[in-house]
Each structure stands twice: as structure tokens, then as C-alpha cells.
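Contents: one structure, followed by commentary.
Read the numbers this way: they start at 1 and go in the same order the structure lists the ligands and their atoms. Nothing here was measured: the structure is a model prediction, and the numbers come from that model.
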Amino acid sequence: MTDTWTEKDLFQKMLRIRAVEEAIAARYGGPGRPQEMRCPVHLSIGQEAIAAGVCAAMTKGDTAFGSHRCHAHYLAMGGDLKAMLAELYGKADGCAGGRGGSMHLMDKAAGYLLSIPIVGSSIPLAAGVALANKMDGNDRLCAAFFGDGAMEEGVWHETANFAALKGLPVLFVCENNFFSVYSHIGERQPDTDLSRFAVAHGVPVFQAPSEDVLAIYGEARKAVFHIRAGNGPAFILVDTYRHREHCGPNFDDDLGYRNEEERDAWFGKDPVSFAKARLIAEGALTEAELMELSAGFEAELEAAFSQAESASFPDPATVGDRVYA
Ligand SMILES: Cc1ncc(C[n+]2csc(CCOP(=O)(O)OP(=O)(O)O)c2C)c(N)n1
């Protein structure tokens, strides 16, 4: 993580995340494919600008928690790619020892503390780390990434209240992709503006369009500045859209739960295409550079996937290790 990021840096970060997830989708089990990744996968394709922009605004020593849809957060924080892929294949050198799979990524060295698939659970854990930071007197912050569904959990309200009351250095980041599995937010909330849930607890709101990684980075920097100045928590809300099915590598538009017009409009606001078009128009990126970047990611991915595929499964003798109950 550097001090200032250009749009090109942020674009590269998004492009790498996109390349990783598309490679996972291409290799994930399904008709005619071997089922080597046994864990569910929740892809963030379409939502990458949030992880890229927010994590770029954080600095070394800051930490983050994510949810079930966590690949982008792990990678944006600088999580190790090989350890991530080995984890998806259930291998011993995976980041959770092959025990967790896609929804339990972690890389302590990168400050990515954990992904938790219990919806809403990243929220109090981040506040706990923020409380520890405050008690230690350091200037670190802790971020919680979560979806719109998580804001319907009671734990959001309890945590936001406590964080505001105690002035905790916690950054709440809601990726509102409008759906909790197949239920649209309009079917779940009388008022779909989620910012009111932060305002109610006295937590300032920062918002940016999901296709514009530079704007998200700018808002995230303001939010981080607010927190580091000792003002307590901040809330970033970005409306966004997941391109693939809720869980898995495919598109599920045949299910008919997403309005076609809404879907098409959001597909037209893809953050990777948006940044690419703007960089090319500004002369900051050429097609040749783009090809070079993609080739570099492809080579990196080939190596990481073949290492994950050929790695060993955990020794059965260690089955009781890390069991605390
Ligand atoms: C406490 C809890 N309730 C229900 C579930 C089942 N579940 C898994 S993902 C999901 C949807 C979550 O939606 P959201 O938080 O908006 O995240 P998104 O999947 O859209 O990224 C649900 C209900 C769960 N994992 N945990």
C-alpha cells in the first residue's frame, strides 16, 4: 500500500482481482469440469472498485475483516495469492490450512484478519479491533466490509451505536448490491436508502458511484482522515451490482429474480471497463500496456493454480488441530 494511488494503479489492482476471479470461475467445478475446488465461491465481479479504492486509502498497520464475498478484499489488502488459491483447493498450505475454503480467507501479515460467512459478523469484530487500537493509543483503524443484507442484522445497530459512543477508529464499508441472495432490497426495506442506518447512530456517511474507483478512493481517503483525526467511526456506502450468481461461477439470470432493465443498466457501469475507457481517453493507458498487464496476471495465475492443484491435502492426523470446541 503506497501513500497516493493514481487511477492507473487502482485500475491495475481491479484488473488483477477480476483476472483472479475469472480464472476461478473458469476452473470451478460444474458440468464437464472436475470438482477440485470443493468450497462454495461468492464472486465479486462487478464490485471490485470498492475493495480497490477503500484498501488503497488505508495504510500499513491498518486491518480489515470481510464477509463470504471476500476475494476482492483479501487481494486488495495484499493477501497472498498462492495461499488463497491453495485454500480454495483445500490444501495444507492454504491460508487457513485448507480447513476454511473461499469464505475463510485471512492473511495476518497483510492486515487482512479474517473473512466470516455469518452475515454481519465482520462488523463487531472490526469494532473489537478498533477498541483494542484505541486502548493501545495507536492510530490504526480497522475496516469491516459487508453487504446490504448485513445491515439488517441487529449486530450492525449494536456495533454502530457502541462505535459512535466510544469514538472507535472503525471504517464500516457497505457494498449495497441490492440483493440478499435472491431478495431485492425493495422487498426487504420500506426505505431503500441504507445511509439512514448510519445517520441514526451518528456515523458520518461517505458515498461514491460504484463504477468510479477514483471517486471511491477519494471518499475513502476522507473517511480515513475523519477517523484518524480522532472523530470516531465512518461509514462508506456504495451502490453496486454483482455480475454473477449469488454463489458460484455462473450467471443466473434464467431464475428471473433480477429486473432485466436494472441488470443491463448496471452491467453498463462496470468499474473495470469504466476506468479502462477513461485511462485510454486520457492517454494514460495503451492497448499494448493492457495486453502486457493481462499477460502478466495470466502467468502469475497459471503458476499459482498449478501450485495449488499439485499441493498436498492436510495430513489426516492433524484433523483435530485448530478445533477449539
Ligand atoms: C446470519 C446469517 N444468516 C443467513 C445466512 C445465509 N446467507 C448467506 S449469504 C446471504 C446474503 C447476504 O447478503 P449481503 O449481506 O447483502 O451480501 P451479498 O451476498 O449480497 O454480497 C445470506 C442470507 C448467513 N450466512 N448468515
Any chance the rings of H184 and Y257 have centres within less than 6.0 Å? no

Give me the nearest non-hydrogen protein atom to atom 23 (C) of ligand 1 as residue plus atom name, then the distance to 0.1 Å. S180 OG, 3.8 Å

In terms of atom number and element, which parts of ligand 1 are under 4.0 angstrom from non-hydrogen atoms of A150? 15 (O)

among protein heavy atoms, the one nearest atom 4 (C) of ligand 1 is V119 CG2, 4.5 Å

Whether F179 lies under 4.0 Å from ligand 1, heavy atom: yes

Salt-bridge test for D239 and K269: reply yes if a basic N is under 4.0 Å from a carboxylate O, no otherwise. no

Regarding K222 and E219, does a basic nitrogen lie under 4.0 Å from an acidic carboxylate oxygen? yes

For atom 6 (C) of ligand 1, is the nearest protein heavy atom closer than 4.0 Å? no

Polar contact flag for I118 and ligand 1 (N/O pairs, less than 3.5 Å): no

Qualifying residue, where the test is side chain to side chain contact (heavy atoms under 4.5 Å, CB included) with P314 and the options are R322, K91, R99: R99

Below 4.0 angstrom, N of the basic side chain to O of the carboxylate: do E302 and R27 qualify? yes

Taking 4.0 angstrom as the limit and counting only heavy atoms of G149, give me the atoms of ligand 1 inside it, by number and element. 14 (P), 15 (O), 16 (O)

Could you name the option among H68, R188, E152, H246 that has the heavy atom nearest to atom 18 (P) of ligand 1? H68

When distances are taken from atom 25 (N) of ligand 1, the protein heavy atom at minimum range is P117 O, 2.9 Å

Whether R69 and E175 form a salt bridge (side-chain N of Lys/Arg under 4.0 Å from carboxylate O of Asp/Glu) is what I want to check. no

The single option from L85, V41, L43 passing side chain to side chain contact (heavy atoms under 4.5 Å, CB included) against S102: V41

N/O separation below 3.5 Å, V181 to ligand 1: no

Less than 4.0 Å between a side-chain N and a carboxylate O, is that true for R228 and D62? yes

Out of all atoms in ligand 1, which are within 4.0 Å of some heavy atom of E153? Include the element for each. 1 (C)

A student checking ligand 1 against G147 at a 4.0 Å heavy-atom cut-off should list atoms 14 (P), 15 (O), 16 (O), 17 (O)

Just jot down the ligand 1 atoms closer than 4.0 angstrom to any heavy atom of N177, in number order. 18 (P), 20 (O), 21 (O)

Would D93 and K82 pass as an ion pair if we require N to O under 4.0 Å? no

Around atom 21 (O) of ligand 1, find the nearest protein heavy atom and jot down its residue, atom name and distance. R69 NE, 2.7 Å

Cationic N near anionic O, under 4.0 Å, E21 to R244: no

Is there any N or O on D148 that sits under 3.5 Å from an N or O of ligand 1? yes

